[in-house]
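Here's the structure we're looking at; comments come further down.
Atoms within each ligand, like the ligands themselves, are counted from 1 in listed order.
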Amino acid sequence: MNTDLKTYIERYTELELDLRKLIGRLSGTLCGECTRCCCDIIHCKEAIKSPFLKLIHRQADRFDDREGFLSATGCTLEQGRPSVCYEYFCDDHFYHQPDDLHAEILKILGALLLHATRNAQGNTALEDIKTEEELDQLDFLRLGKQLEESVLAIGIIRAFCRDGTLPEPALKTLRQIQIEE
Ligand code: SF4
Ligand code: SF4
């Protein structure tokens with residue numbers, strides 16, 4: 001693994017852990033009481049097919065053929081989950097948002113990992129790159145910039161959740177994060 005990839009992985013892991021913490025705080029009550037599980041083994045499989053995600057979680061041996069990474073207490077992957085696992089919020093989450101701005105911010109929050117990894121090779125995101133050799137060839141200068149945009153965005157969202165304020169320039173920064181519709 002080259003130094004640029006190693007540095008990117010360390011920073012990405014910090015972002016993912018911050019994201020998991022913030023999403024847990026914002027959606028924990030609703031998801032904690034929910035009896036429908038929206039995890040799907042199809043997504044768990046992405047985490048063992050992706051060389052990039054495997055370098056992050058290093059837990060491919062914990063994959064179970066029936067349950068994937070899902071256990072009685074939730075996902076066993078501390079890090080290296082596919083970005084879709086953070087992107088999805090069911091309609092209940094949007095129903096409980098106080099206004100459209102909060103709903104938009106929630107969508108942006110869910111899009112931050114994908115933003116950091118988008119277009120790593122053509123239209124292909126980092127987690128969909130097929131081999132470790134290909135990972136080593138990527139332009140981590142650009143990917144690092146995208147990653148720092150996501151880091152900046154999570155800081156803005158954290159402040160918004162804490163203070164309820166969102167100055168116009170900060171909102172403009174957040175709106176540079178592309179949301180998949
Ligand atoms: S996202 Fe919705 S369906 Fe999934 S666990 Fe949370 S509340 Fe339940
Ligand atoms: S959160 Fe974990 S258990 Fe759920 S789909 Fe994603 S990888 Fe699988």
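Counting only distance, with no hydrogens or angles, the side chain of Arg11 and the backbone of Gly144 share no donor-acceptor pair below 3.5 Å. Judged purely by atom type and a 3.5 angstrom limit, Thr117 uses its side chain to pair as donor or acceptor with the backbone of Leu114. Looking at Glu127, its side chain never comes within 3.5 Å of a backbone N or O of Phe52 through a donor-acceptor pair.
Relative to the six-membered ring of Phe140, Lys145 misses at least one condition, a distance below 6.0 Å or an angle of at most 45° to the axis.
A distance of 12.5 Å separates NZ in Lys172 from CG in Leu174, rounded to the nearest 0.5 Å. Interatomic distance, CZ of Phe69 versus CZ of Arg62, reported as 9.0 Å (0.5 Å rounding). Annotation: the span from Leu15 atom CG to Gln79 atom CD amounts to 12.0 Å, rounded to 0.5 Å.
Heavy-atom contacts of His43 reach the following atoms of ligand 2: 5 (S) (cutoff under 4.0 Å). The distance from ligand 2 to the heavy atoms of Leu70 drops below 4.0 Å at these ligand atoms: 3 (S).
Nearest non-hydrogen protein atom to atom 8 (Fe) of ligand 1 is Cys34 SG, 2.3 Å. The protein non-hydrogen atom at the shortest distance from atom 6 (Fe) of ligand 2 is Cys85 SG, 2.3 Å. Summary of contacts: the protein heavy atom closest to atom 4 (Fe) of ligand 1 is Cys38 SG, 2.4 Å. Annotation: atom 2 (Fe) of ligand 2 to nearest protein heavy atom, Cys75 SG, 2.3 Å.
Inclusion of Cys90 in the first shell of atom 2 (Fe) of ligand 1 is supported: an N, O or S atom falls under 2.8 Å.
Residue contacts with ligand 2 for Asp40 involve N, CA, C or O but no side-chain atom from C-beta outward (heavy atoms, distance under 4.0 Å). Contact annotation for Cys44 and ligand 2: heavy atoms of both the backbone and the side chain come within less than 4.0 Å of the ligand.
Within the 4.0 Å heavy-atom cutoff, His93 counts among the residues contacting ligand 1.
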